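Take a look at the structure set out below.
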Amino acid sequence: MRVALFLTCVNDTLYPDTGRAVVKLLSRLGVEVDFPAAQTCCGQAHYNTGYRHQAEPLARHFSDVFGEYDAIVTPSGSCGSMVRELYPRMGERARAEGRDDGLARTLAPVVPKTYELTEFLVDVLGVTDVGAYYPHTVTYHPTCHGLRSLGLGDRPTRLLAAVEGLDLVELPGARECCGFGGTFAVKNSDVSAAMGTDKVRAAESTGADVLCAADNSCLMHLGGTMTRLRTAMRPVHLAEILASTEKEPWS
Amino acid sequence: MSGTYLGMPAFPAAARDAVRDTTLRANLRHATHTIRDKRAKAVAELDDWARLREAGRQIKDHTLRHLGEHLLRLEEAVTAAGGTVHWAADADEANRIVTDLVRATGEREVVKVKSMATQEIGLNEALEAAGIHAYETDLAELIVQLGKDRPSHILVPAIHRNRGEIRDIFAREMAQWGRPAPDGLTDAPAELAEAARLHLREKFLRAKVGVSGANFMVAETGTMVVVESEGNGRMCLTLPETLISVVGIEKVVPTWRDLEVFLQTLPRSSTAERMNPYTSMWTGTTDGDGPTAFHLVLLDNGRTDTLADEVGRQALRCIRCSACLNVCPVYERAGGHAYGSVYPGPIGAILSPQLRGTASEIDASLPYASSLCGACYEVCPVAIDIPEVLVHLRERVVQGGEFTRHGAKTTLKPARGHAAERAAMRAAGLVFARPGLLRAGQRLAARTRRAHPRTLPGPGRAWSATRDLPTVPKESFRDWWQRTQGRGAGPAGSSGTASGTASGTASGTASAEGRTDEGKAGA
């Protein structure tokens with residue numbers, strides 16, 4: 001099986017540790033992962049801000065870059081849902097606009113092969129205990145696109161619960177959005193900030209020292225809020241917890 | 001009090017004030033979370049909820065596809081049952097029709113059943129201008145009307161008010177309009193309800209004209225359906241001599257069999273009740289029982305235009321349950337008034353810009369009043385994919401294009417105020433089309449990382465006023481990968497050794513070779 005890492009532009013640029021963690025985790029599980037260097041951005045920011053037509057070349061580029069792999073793994077529920085849910089919709093809209101099936105046909109192959117990291121671990125590899133060790137109290141925030149678009153369900157928390165040394169505590173109001181929302185964070189910054197503050201306060205109330213999620217965009221918003229609120233908690237991507245072992249602690 | 005909300009500031013500015021109003025935040029949080037949790041329990045009781053939801057979606061979609069036929073059938077049935085049907089293309093026409101009908105009775109006041117359609121067209125204001133006073137009789141609408149306020153929620157219009165505020169409004173205002181509030185009124189719910197009951201009773205008994213909307217219209221028999229909790233609706237629908245109902249054309253359902261689905265999903269979604277306390281149904285007029293004259297005003301007011309849009313038309317499935325408002329994190333913090341429409345919350349954010357167009361500042365800002373979290377879609381009993389429509393309307397705002405307005409195809413220009421964003425998106429598109437450019441940008445950002453400020457000036461302040469910026473790493477992932485081909489994956493700056501040492505795997509050949517002090521890597 002040829003497996004490609006679709007890291008996402010945000011992770012590539014700002015959170016390379018998450019990428020390294022995925023590589024380390026998958027290699028520990030016997031999966032050799034490739035990073036096609038031509039990858040850039042899935043187009044989600046364009047699409048969700050109203051620039052669907054400008055997202056189309058990015059989607060085509062994604063398909064060119066990843067089309068030949070058997071599985072495409074991404075440590076982002078949000079970008080994963082862009083490919084899985086919105087690429088087919090882009091194809092349909094192009095058809096509805098009187099263009100041909102070209103876009104739909106170009107994008108179709110990558111859609112079913114794209115897996116969010118926890119889906120790939122649980123569904124494809126069939127593991128929930130990935131041999132990780134992480135001696136911290138952790139609370140998990142299910143980010144919206146992973147939760148509702150991809151339907152990740154309890155995959156992330158099953159993976160976390162199997163981590164040795166990890167004390168998983170429930171986050172009150174876990175299903176509520178953190179307030180990031182892409183350009184929402186700046187277009188409606190007051191509401192976004194209020195949502196972020198409430199999420200951080202809820203996380204603090206658990207007594208956990210780590211707030212975990214499977215989307216660094218949301219964690220960027222929450223982490224930025226945490227340092228401003230001077231909380232003692234840290235935001236950590238799920239992949240980095242799963243990559244951590246007793247011999248090689250990640251963070 | 002104005003029902004039209006023109007001149008409202010754009011959503012972000014209106015929401016800012018609400019976010020800072022701690023009383024409002026507390027009222028809304030308490031109320032929305034209470035209803036939200038009760039709804040979840042009421043819905044969970046039904047094993048076939050998902051199928052009811054799907055049935056509701058299909059019935060509405062099928063009805064909307066053949067809307068003209070169903071409306072004509074309805075008109076025929078209502079007329080045969082002794083009612084009169086009027087067709088109103090827009091708010092002005094509907095207001096004119098109702099005003100003329102009331103004038104013809106010689107009455108100067110009407111009692112009203114809670115109705116979104118009449119609020120949408122600003123009927124109370126139109127009647128007032130004609131010297132006719134309209135009394136709202138729903139408890140929450142009464143609070144809003146007495147307080148010279150605006151509704152902030154579809155189902156519970158006074159959700160932004162707490163008991164103390166309601167007591168003050170009753171004590172201060174009731175005397176001006178009829179029976180005063182009892183002396184020494186407290187904020188006990190039973191006392192407040194009794195004060196409203198006594199105040200309203202004299203209006204019910206006096207009124208000769210009732211005005212309502214309808215939750216549903218059953219085409220096969222011409223039957224109107226109003227679903228309510230308080231019984232004030234039943235009073236208004238049965239005691240007056242003349243009854244005028246203003247109903248949006250999308251409220252028609254073909255048969256009683258179709259109605260059955262919605263009578264299950266609406267109460268559970270809105271008030272979290274298995275069944276609402278009062279369901280009033282009437283078909284034209286009946287000798288010796290209830291109003292002797294019945295007028296149905298069928299309201300378009302942008303609905304046909306909305307129907308013409310193949311993505312946006314799903315908004316017309318809405319049965320006004322408010323589940324999307326109660327679950328929305330943005331509504332909870334911004335409050336209903338920020339949406340500048342009688343339809344607040346997620347459904348308002350997709351309805352108002354379609355019914356009214358996106359020409360005004362507030363309407364053009366509504367599609368952005370969402371983090372696209374999808375909680376609204378999840379609870380919607382007719383499966384309106386609100387995030388999908390929001391994104392579709394964002395596209396209309398920034399790109400313009402062809403859409404239908406007043407029944408004619410119109411080419412819309414892109415909205416002003418998005419020039420910088422458009423340029424940024426185009427620039428990002430260019431960079432992302434060329435991995436080399438992306439790499440160059442990442443390296444530039446990495447080289448200058450020490451100089452990056454923690455906060456940003458100008459538009460960037462929207463982020464950094466409340467959140468620190470992330471620190472740009474010394475090396476992007478792609479540079480690290482090029483340098484190491486993925487060998488020796490460990491966190492930046494760690495002395496992590498080769499992955500092969502962990503558990504001996506297929507890629508266990510990886511070693512620390514090629515690993516350098518990453519600070520030296522780069523262009």
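All of these numbers come straight from a predicted model, not from anything done at the bench. Numbered from 1 within each chain, the chains take letters A, B, ... in sequence-line order.
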**Prompt:** For the residue pair A/F35 and B/W481, does the interplanar ring angle fall in the parallel (under 30°), tilted (30 to 60°) or perpendicular (over 60°) class?
**Reply:**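 Judged by the thresholds at 30° and 60°, the geometry between A/F35 and B/W481 is tilted.
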Does any heavy atom of chain A fall under 4.5 Å from the side chain of [X], the backbone, both, or neither of them?
X      : result
B/S370 : backbone
B/D385 : side chain
B/R36  : side chain
B/V311 : side chain
B/L372 : both
B/R16  : both
B/V472 : both
B/H33  : side chain
B/E402 : neither
B/R461 : neither
B/A433 : backbone
B/A465 : backbone

### Message
Before you tell me yes or no, could you show the steps for B/E395 and A/R93 under salt bridge (charged side-chain N to carboxylate O under 4.0 Å, His left out), namely the whole-Å CA-CA distance, both residues' side-chain angles and the distance that decides it to 0.1 Å?
### Response
CA-CA 12 Å; B/E395 196 177 313; A/R93 294 294 302 138; 5.3 Å; no
What are the two closest heavy atoms between [X] and [Y], and how far apart are they?
X      : Y      : result
A/P16  : B/S476 : CB-C, 4.1 Å
B/R478 : A/Q39  : NH2-O, 2.6 Å
B/R394 : A/N48  : NH1-O, 2.8 Å
A/F184 : B/A369 : CE1-C, 4.3 Å
A/Y51  : B/E421 : OH-OE2, 2.7 Å
B/A462 : A/S189 : O-CB, 3.0 Å

Handout entry: Trace of the salt bridge (charged side-chain N to carboxylate O under 4.0 Å, His left out) decision for A/D198 with B/R25
Key = CA-CA 12 Å; A/D198 289 349; B/R25 284 277 295 278; 3.5 Å; yes
Pick from [options]: which one has the most heavy-atom pairs with chain A under 4.5 Å?
options                       : answer
B/P367, B/G441, B/A18, B/S464 : B/S464
B/Y377, B/F432, B/W463        : B/F432
B/G429, B/P470, B/A446        : B/P470
B/Q442, B/Q482, B/M425        : B/M425

Discussion item. So that I can tick it off, tell me whether B/E378 and A/R175 are bridged by a salt bridge, with the cut-off set at under 4.0 angstrom between side-chain N and carboxylate O.
Written reply: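 Result for this pair is yes, salt bridge flagged.
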Side chain, backbone, both or neither: which part of [X] has a heavy atom under 4.5 Å from chain B?
X      : answer
A/L14  : both
A/A194 : both
A/R52  : both
A/L25  : neither
A/R89  : side chain
A/H61  : side chain

Pairs of heavy atoms under 4.5 Å with chain B: top-ranked of [options]:
options                       : result
A/T49, A/L229, A/L147         : A/T49
A/D34, A/N11, A/L86           : A/D34
A/T197, A/V33, A/T183, A/V186 : A/V186
A/C41, A/G43, A/G181          : A/C41

Roughly how far, to the nearest 0.5 Å, is OG1 of A/T40 from CG of B/L437?
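Rounded to the nearest 0.5 Å, the CG-OG1 separation comes to 10.5 Å.
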A/K187 side chain near B/P12 side chain, heavy-atom distance below 4.5 Å
no
Side chains of A/M195 and B/V330, heavy atoms from C-beta outward: is any pair under 4.5 Å? yes
Worksheet item: So, A/S192 and B/R467: side-chain donor and acceptor under 3.5 Å apart, yes or no?
Response: yes
Subject >> B/R20 vs A/D190, salt bridge (charged side-chain N to carboxylate O under 4.0 Å, His left out): CA-CA, chis, key distance, verdict >> reply: CA-CA 9 Å; B/R20 289 172 188 164; A/D190 294 276; 3.6 Å; yes
